[in-house]
Structures are given as C-alpha cells and as structure tokens.
*Asks:* 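Attaching a single structure in structure tokens format; questions to follow.
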Amino acid sequence: MNWNDLATALFGADHAVRADGVFLSGTGQLDGRTLAVIGSTDHAAIGFDLALRQAQAVLQVVADAPGRPILLLIDTQGQQLRRHDEMLGIHRAMAHLGQCIDLARRQGHAVLGLVYDQALSGGFITSGLMADACDALPGAEIRVMRLPAMARITRLPEAMLAELSQTNPVFAPGVANYVAMGGVRRLWQGDLTEALRLALADLPAADERARDGLARGGRRLADTVIRQVLSA
C-alpha cells in the first residue's frame, strides 16, 4: 500500500499528509482529534539529512502542539550507506532522531509506529522501535540484518544461522517473527481507521516488548534479564 492510499484509509481523502521527496509529514483527523504524521516512503534510506528532518518535525510537534499524538509511518531500507553521510555523522543524526522521539513520549505525546511497507536495520530501530508501540500491516517486510551479513559479523557459518532461523525468530526476517519477539505489537486487519483507533486507545504505559516476546515465545530471556538488572 502506498502512503497516500494508507493516509486516505486512515483519515479520509481530506487528510493533510504530504510527501516532499521521500519525507512524509502533515496531520490527520481521528474522532475530532488531530494526529501528527511523520515518516518516509519509497523505501527511503535514512541518511543524515532525512534523519534530521524527521527529528525536526518531531520537535516541532512538541513545541507547537503539546500532547498531540504522533503517528510514524515507516517505509525504509535502513540507514544510508554513503561515505558522505558517514562523514557528516549519520550515527549521531539517527541517535538524535531516536532521542527526539523519546523526548516526545516523555512530554506526554502518544507515539505509535506503523510499518506499512518495509522496515530494515537502523531506520527501523530509531523510529518504530523508539515509539510507545509499533504495529504493522500484514504485508510488511521487516528485518534488521540479512543472514549473510549476520554471518560476517558473528563469524558463525551462514548454514548454522539459517538452521537457527527455522526455530528462533531472532535469526529470521519477516513480520510474523517480529510479532513473536514483541518488536511488533500487532498486525492491523480490516478497517484501518478502527485499527488506528484501537491502537491509540491501548498504548502501553511502559515498554512491554520484552514481556510480549516472553509471552509469545520469541524472546525467552530478555524480560528475565531486564528484571534482574533493574533489581540488582
């Protein structure tokens, strides 16, 4: 689903979400309440400029519309792999984006991520995974690292990782595996406006991803380790 069809399905044809290149921003109305919409499209690579632009949009909502819910529409191929962006400090720009989303949450803004197409690597980590919760459309593609790259980093045989991916969601791409791990809270089915309404109504008061991962069998130790660290 392209971003305009999605915005129309969520808010009606009179929505005020606009694309400027691969950058999405604007507002939509839900039950008489205005939502800020920020995101990307066309499998955008999140580079230095786009990360700062999204961060600026988040800060603008915090400054101009206290308490306004923020919907992050996610379609990204991950971070921009260019020397230019690396030299500018893409790691800092992406960290800044994550910090701005965290600031918005701490300032009372409900922040909901929605993966509507593709979510890869750092572009997903610093957006949807920084929100109060992240949901997805059933046809979304989500992964952090391909198995060949994971094999190079871990120095484990790719065949071993491929075998592990058959039974352990941590090693496997796909939206269903991210639901199992708790990274994605739920898949939206049917009426998307109703799905958005329900998603905003029951946003968790605290990060429940590790707890969801334990309950769903996708991450069996994360919640236990977190609790042990916090109680130490």
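Hydrogens, waters and symmetry mates play no part in the numbers below; they use all other heavy atoms, side chains included.
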*Asks:* Under 3.5 Å, side chain of Gln79 to main-chain N/O of Ile46, donor-acceptor pair present?
*Replies:*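 Here the side-chain-to-backbone pair does not exist.
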
*Asks:* Nearest 0.5 Å, what's the CE-OG distance between Met94 and Ser127?
*Replies:*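 The distance works out to 7.5 Å.
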
*Asks:* Give a yes or no on whether the backbone of Arg33 and the side-chain of Asp31 come within a donor-acceptor separation of less than 3.5 Å.
*Replies:*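 Checked: no pair found.
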
*Asks:* Run Thr27 and Arg68 through side chain to side chain contact (heavy atoms under 4.5 Å, CB included) and show every step you take.
*Replies:* CA-CA 10 Å; Thr27 58; Arg68 176 173 292 176; 4.0 Å; yes

*Asks:* Do Ile90 and Met87 belong together in a cluster built from hydrophobic side chains that touch within less than 4.5 Å?
*Replies:*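 No: no chain of side-chain contacts under 4.5 Å links Ile90 to Met87.
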
*Asks:* Where do Glu194 and Arg197 land on the salt bridge (Lys or Arg N to Asp or Glu O under 4.0 Å) test, with the steps shown first?
*Replies:* CA-CA 5 Å; Glu194 181 62 19; Arg197 183 179 292 115; 2.5 Å; yes

*Asks:* Under the side-chain hydrogen bond (donor to acceptor under 3.5 Å, both in side chains) rule, what pairs show up with a residue in residues 148-157, not counting sequence neighbours?
*Replies:*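 Not a single pair qualifies under side-chain hydrogen bond (donor to acceptor under 3.5 Å, both in side chains).
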
*Asks:* Is the closest side-chain heavy-atom distance between Asp42 and Asp117 below 4.5 Å?
*Replies:*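 SC-SC contact between Asp42 and Asp117 ruled out.
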
*Asks:* Which atoms form the tightest heavy-atom contact between Arg105 and Ala131, and what is the distance?
*Replies:*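 Closest approach of Arg105 to Ala131, heavy atoms only: NH1-O, 3.6 Å.
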
*Asks:* Looking at side-chain heavy atoms only, is the closest gap between Ser40 and Ile74 below 4.5 Å?
*Replies:*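 The answer is no; the side chains never approach within 4.5 Å.
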
*Asks:* Would you call Leu103 and Gln107 a side-chain contact if the rule is heavy atoms closer than 4.5 Å?
*Replies:*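 Yes, close enough: below the 4.5 Å cut-off.
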
*Asks:* Okay, side chain of Thr41, backbone of Asp75: is any donor-acceptor separation there less than 3.5 Å?
*Replies:*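 Such a contact is absent between Thr41 side chain and Asp75 backbone.
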
*Asks:* In Å and rounded to the nearest 0.5 Å, what is the CD to CG distance from Glu86 to Leu81?
*Replies:*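 Rounded to the nearest 0.5 Å, the CD-CG separation comes out at 7.5 Å.
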
*Asks:* List, by chain and then residue number, the residues other than Trp3 in its hydrophobic cluster (Ile/Leu/Val/Met/Phe/Trp/Tyr, side-chain heavy atoms under 4.5 Å); write none if there are no others.
*Replies:*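 Met1, Leu6, Leu10, Phe11, Val17, Leu24, Leu30, Leu35, Val37, Leu71, Leu73, Leu112, Leu114, Tyr116, Leu137, Trp188, Leu192, Leu196, Leu200, Leu203, all in the cluster of Trp3.
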
*Asks:* With sequence neighbours excluded, tell me which residues meet side chain to side chain donor-acceptor pair (under 3.5 Å) with Asp202.
*Replies:*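 In terms of side chain to side chain donor-acceptor pair (under 3.5 Å), with neighbours along the sequence ignored, Asp202 is linked to Arg185, Arg186.
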
*Asks:* Determine, using the 4.5 Å side-chain heavy-atom cutoff (strictly less than), whether Leu230 and Leu214 are members of one ILVMFWY cluster.
*Replies:*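 No: no chain of side-chain contacts under 4.5 Å links Leu230 to Leu214.
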
*Asks:* Show your reasoning for whether side chain to side chain contact (heavy atoms under 4.5 Å, CB included) applies to Leu52 and Gln56.
*Replies:* CA-CA 6 Å; Leu52 291 186; Gln56 181 182 31; over 6 Å; no

*Asks:* Do the non-hydrogen side-chain atoms of Phe48 and Gln80 ever get within less than 4.5 Å of each other?
*Replies:*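 No, their side chains stay 4.5 Å or more apart.
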
*Asks:* Which value, rounded to the nearest 0.5 Å, describes the distance between Asn168 atom CG and Leu161 atom CG?
*Replies:*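 Output value for this atom pair is 10.5 Å.
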
*Asks:* Check whether any side-chain heavy atom of Cys134 sits under 4.5 Å from a side-chain heavy atom of Tyr178, and report yes or no.
*Replies:*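 Counting from C-beta outward, Cys134 and Tyr178 never come under 4.5 Å.
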
*Asks:* Distance check, rounded to the nearest 0.5 Å: His109 atom NE2 versus Asp132 atom CG?
*Replies:*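 Reported to 0.5 Å precision, the distance equals 11.5 Å.
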
*Asks:* Using a 4.5 Å cut-off on heavy atoms from C-beta on, say whether the side chain of Glu141 contacts that of Val115.
*Replies:*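 Counting from C-beta outward, Val115 and Glu141 never come under 4.5 Å.
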
*Asks:* Got Arg211 and Arg219 here, is their nearest side-chain heavy-atom distance under 4.5 Å?
*Replies:*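 With C-beta onward as the side chain, the pair stays apart.
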
*Asks:* How would you list, by chain and number, every residue that makes a side chain to side chain donor-acceptor pair (under 3.5 Å) with Asn4, sequence neighbours excluded?
*Replies:*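 So Asn4 forms a side chain to side chain donor-acceptor pair (under 3.5 Å) with His15.
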
*Asks:* Testing the basics here: between Ala104 and Val58, what is the closest heavy-atom pair and its distance to 0.1 Å?
*Replies:*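 Heavy-atom minimum between the residues: CB-CG1, 4.0 Å.
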
*Asks:* Which heavy atom in Thr193 sits nearest to a heavy atom in Ala9, and how many Å separate them?
*Replies:*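 Shortest heavy-atom contact: OG1-O, 2.7 Å.
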
*Asks:* Could you tell me the separation between the CD atom of Glu208 and the CG atom of Asp223, rounded to the nearest 0.5 Å?
*Replies:*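 It comes to 10.0 Å.
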
*Asks:* What closest approach, in Å, do Leu147 and Ala162 show between heavy atoms, and which atom pair accounts for it?
*Replies:*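 Closest approach of Leu147 to Ala162: CD1-CA, 3.8 Å.
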
*Asks:* Taking all non-hydrogen atoms of both residues, which atom of Pro169 and which atom of Ala180 are closest, and how far apart?
*Replies:*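 Here Pro169 and Ala180 meet closest at CG-CB, 4.1 Å.
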
*Asks:* Which heavy atom in Ile142 sits nearest to a heavy atom in Ala136, and how many Å separate them?
*Replies:*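 Taking every non-hydrogen atom into account, CD1-CB, 4.4 Å.
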
*Asks:* More than 12 heavy atoms of other residues, nucleotides or ligands under 6.0 Å from CZ of Arg220: yes or no?
*Replies:*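 No, not enclosed.
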
*Asks:* Rounded to the nearest 0.5 Å, how far does OG1 of Thr76 lie from CG of Leu50?
*Replies:*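 Rounded to the nearest 0.5 Å, the CG-OG1 separation comes out at 7.5 Å.
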
*Asks:* Just grab all the salt bridge (charged side-chain N to carboxylate O under 4.0 Å, His left out) pairs involving residues 3-19, residues at least two apart or on different chains.
*Replies:*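 Sorted pair list comes back empty.
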
*Asks:* Partners of Asp102 by side chain to side chain donor-acceptor pair (under 3.5 Å), sequence neighbours excluded?
*Replies:*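 If we apply the side chain to side chain donor-acceptor pair (under 3.5 Å) test to Asp102, skipping adjacent residues, the hits are Arg106.
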
*Asks:* Is there a path of hydrophobic side-chain contacts, each under 4.5 Å between heavy atoms of I/L/V/M/F/W/Y residues, joining Ile153 to Met150?
*Replies:*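 Yes, Met150 and Ile153 fall within the same hydrophobic cluster.
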
*Asks:* With side chains defined as the heavy atoms from C-beta onward, is the minimum distance between Leu120 and His43 less than 4.5 Å?
*Replies:*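 They are not in contact (no side-chain heavy atoms under 4.5 Å apart), so the answer is no.
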
*Asks:* So that I can tick it off, tell me whether Asp49 and Arg53 are bridged by a salt bridge, with the cut-off set at under 4.0 angstrom between side-chain N and carboxylate O.
*Replies:*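 Answer for the salt bridge query: no.
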
*Asks:* Is Arg209 salt-bridged to Asp207, cutoff N-O under 4.0 Å?
*Replies:*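 Salt bridge: yes.
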
